[in-house]
Engineer: 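Below you will find the structure I want to go over with you.
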Number of protein chains: 2
Amino acid sequence: MQILSSVKKALELLDHFTVERPELSLAEISREVDAHKSSVFRVLTTLKAAGFLEKDSLSGKYRLGLKILDLAGRVWGRYDIRQIATPYMEELARETGEVIHLAVLDGSDIVYLEKKGQGQGQVLTVATRLGGRNPAYASSMGKILLADLSKSELKAIFGRGKLEKLTPNTIDEIPKLIEELARIREQGFALDNEETFPGIRCVGAPIRDAGGKVVAAVSVTVPAQRMDDKRVRELWRLVTNTARMISERVAASKMEA
Amino acid sequence: MQILSSVKKALELLDHFTVERPELSLAEISREVDAHKSSVFRVLTTLKAAGFLEKDSLSGKYRLGLKILDLAGRVWGRYDIRQIATPYMEELARETGEVIHLAVLDGSDIVYLEKKGQGQGQVLTVATRLGGRNPAYASSMGKILLADLSKSELKAIFGRGKLEKLTPNTIDEIPKLIEELARIREQGFALDNEETFPGIRCVGAPIRDAGGKVVAAVSVTVPAQRMDDKRVRELWRLVTNTARMISERVAASKMEA
DNA sequence: AATCATCGTTGCATAATTCGAAATGGCATT
DNA sequence: AATGCCATTTCGAATTATGCAACGATGATT
């Protein structure tokens, strides 16, 4: 494996900038990465010169730069599905009064492509973000996407070990996950029963391309206290309907995701 | 200036991946950057390991990776204005039947934060993209944003040279631009008269924060053949109304851009 | 089937680059 | 004024990235 260590270090430095901590000083970063200040300064300067970071002229702190949006715009071009799905998600958000997500599978994670709706002013909601990720095996959308993979594909992704528990409810044994995925294939939707986030349940449904392959998933996200069995059945009907409509549009546009 | 040259090279390599050419092979990139294949291979491998590139397993070609979306999601968090403006832009797109843009100033460029509407099926439209950039001095939105800067701020951005002409109509002399900006401050909107893209005209208006500072701009983009003086007046009224409504919402939400 | 050209990947010695320590100036606090 | 912390720069030593050569795989051509 031929990794350039100074390039790796520079790229990893970007990960320290988060939504919670969008601005950081040289000193803060040096302490966090446990590297000498002058080295970190040079990395920051390089990232800034390339537009990946910018520096607030008043505070002298660094934050992620707009070059990243420029590059991101080039990535979104691959996901026409997002444009197609947006009006349907908006309609579903109005209909249900809940938060709606769209995601694709990347490796063993889902990646959020779109999020619509504000929920019902509840305190408990999900801190998800465009481009953000969660383990596929815990989330309704992830399980939908995994259910469309072959045994060997699943093995290549998860191996034979135990899965990390995100909550007490997370399925952490691969045989149980395989069972769950078989059930999902049968019933055509998936439930996240407080497996990704405590207190949050989701119902997810598959978006298929013209060839029937599951290329994305859409879900309704609800606080557990509002998600009884009656509500599950209701949302299942709505979200699978939305997914089917998106799928038809996807197929009609010869979309490739 | 302390630039790490190997990090710089790696970051610059990302720029070779565009919407037009989303996938590239090792050999293609090596030829383009005029560097040895084995060096480029190691850079690609490092970028791939960090998620900035991914490799199509069938073609072996590289493309931009989803880590970029992850980071972009953290940048968007700075632009609450985008969420606020979206419904108003959608309404304006319906009302005018044209393409609507939202942008902010970054250095001497505008950066597109949002784009709504499809225009009227015309062949001639603008290839703009979320996160994409254009020189501020040529575009209606850019001129709106520049008009809010002080003389010294403008001087720091543009210096004393000539500006690059994008089209025969582009203002390329700084004194003329300063005059134009003074006019814009007076009238409260700006016109791009085929200065950024040939055959394309835009009317732009300022979005202000609670303190009256211009923090973003919104514009209507029209093919020149459909933009007579009557249409200019009509669109000016609509776009400044939209900008005012967004500004009020921005001020109400104590937004910081 | 054999040959050729091109591709992607790896190992190694050398050249290039990066690193850390020390120094310096700026700013805020006492 | 003294102190502490910050950001930035210089320089020699240590480390890393580079380019070359080699290799196997693949596809096209003979």
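A quick note: this is a predicted structure, and the numbers were derived from the prediction, not measured. Lettering follows sequence order; numbering is per chain, from 1.
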Engineer: Distance alone, cut at 3.5 Å: any donor-acceptor contact between the side chains of B/D172 and B/Y137?
Structural biologist: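 No, B/Y137 and B/D172 have no side-chain donor paired with an acceptor closer than 3.5 Å.
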Engineer: Measure from CD on A/Q2 to C1' on C/dT10 and round the result to the nearest Å.
Structural biologist: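 Distance check: A/Q2 CD to C/dT10 C1' gives 6 Å.
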Engineer: Would you indicate what B/K8 reaches in the nucleic acid, counting non-hydrogen atoms under 4.0 angstrom: base, sugar-phosphate, or nothing?
Structural biologist: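 Contact class for B/K8: none.
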Engineer: Under 4.0 Å between any heavy atoms, over every strand shown, what does A/K61 touch: base, sugar-phosphate, or nothing? Just pick one.
Structural biologist: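 Nothing, no heavy atom under 4.0 Å.
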Engineer: Which of the following nucleotides, D/dT9, C/dC19, D/dT18, is nearest to the side chain of A/K9?
Structural biologist: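 So the nucleotide nearest the side chain must be C/dC19.
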Engineer: Would you call A/E28 and A/K61 a side-chain contact if the rule is heavy atoms closer than 4.5 Å?
Structural biologist: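 Yes, at least one pair of side-chain atoms sits under 4.5 Å.
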Engineer: I want to check one thing: is the phosphate of D/dT8, taken as OP1 and OP2, less than 4.0 Å away from some side-chain N or O of A/K55?
Structural biologist: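 So the side chain of A/K55 is within the cut-off, an N or O lying under 4.0 Å from OP1 or OP2 of D/dT8.
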Engineer: Base, sugar-phosphate, or nothing: which does A/L4 touch, judged by heavy atoms less than 4.0 Å apart?
Structural biologist: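 The answer is sugar-phosphate, as A/L4 gets under 4.0 Å only of primed atoms, P, OP1 or OP2.
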Engineer: A/S5 or A/R42: which one's nearest nucleotide on DNA chain D is closer to the 5' end?
Structural biologist: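 The residue mapped nearer the 5' terminus is A/R42.
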Engineer: Give the table of side-chain donor-acceptor pairs shorter than 3.5 Å for residues 152-159 of chain A, with sequence neighbours excluded, one pair per line with atom names and distance.
Structural biologist:
{"unit_1": "A/S152", "atom_1": "OG", "unit_2": "A/S150", "atom_2": "OG", "d": "3.2"}
{"unit_1": "A/E153", "atom_1": "OE1", "unit_2": "A/S150", "atom_2": "N", "d": "2.8"}
{"unit_1": "A/E153", "atom_1": "OE1", "unit_2": "A/S150", "atom_2": "OG", "d": "3.2"}

Engineer: CD of A/E28 versus P of D/dA7: gap in Å, rounded?
Structural biologist: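 It is 8 Å, rounded to the nearest whole Å.
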Engineer: For A/K55 and A/E23, what are the C-alpha separation, side-chain angles and deciding distance, and is it a salt bridge (Lys or Arg N to Asp or Glu O under 4.0 Å)?
Structural biologist: CA-CA 9 Å; A/K55 194 175 180 184; A/E23 295 204 334; over 6 Å; no
Engineer: Give the rounded distance in Å between these two atoms: CZ of A/F41 and C1' of C/dT18.
Structural biologist: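 For the pair A/F41 CZ and C/dT18 C1', the rounded distance is 15 Å.
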Engineer: Roughly how many Å is it from CD in A/E23 to P in D/dC6, rounded to a whole number?
Structural biologist: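 In whole Å, D/dC6 P lies 17 Å from A/E23 CD.
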Engineer: Choosing from D/dA7, C/dT18, C/dG20, which nucleotide comes nearest the side chain of B/S6?
Structural biologist: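 Ranking D/dA7, C/dT18, C/dG20 by closest atom to the B/S6 side chain puts C/dT18 first.
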Engineer: Roughly, in whole Å, what's the span from CG in A/L44 to P in D/dT9?
Structural biologist: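 The distance from CG of A/L44 to P of D/dT9 comes to 13 Å, rounded to the nearest Å.
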Engineer: Does any N or O donor sit under 3.5 Å from an N or O acceptor when you compare the side chain of B/S38 with the base of D/dC20?
Structural biologist: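 By the distance-only test, yes, there is a pair.
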Engineer: Starting at CG of B/L26 and ending at C1' of C/dT9, how long is that distance when rounded to a whole Å?
Structural biologist: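 Between C1' of C/dT9 and CG of B/L26: 9 Å.
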Engineer: Indicate the atoms forming the closest heavy-atom contact of B/I144 with B/G188, along with that distance.
Structural biologist: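 In terms of heavy atoms, the two residues are closest at CD1-O, 4.3 Å.
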Engineer: Assign each of B/H36 and A/V7 to its nearest nucleotide of DNA chain D by heavy atoms, then name whichever residue's nucleotide is nearer the 5' end.
Structural biologist: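 Per heavy-atom nearest nucleotide, the more 5' residue is A/V7.
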Engineer: Given atom CZ of A/R31 and atom C1' of D/dG4, what is their separation to the nearest angstrom?
Structural biologist: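 These atoms are roughly 13 Å apart.
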Engineer: Between C/dG20 and A/K37, counting only base atoms on the nucleotide and side-chain atoms on the residue, is there a donor-acceptor pair under 3.5 Å?
Structural biologist: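 Counting by modelled atom types and ignoring angles, no donor-acceptor contact under 3.5 Å is found here.
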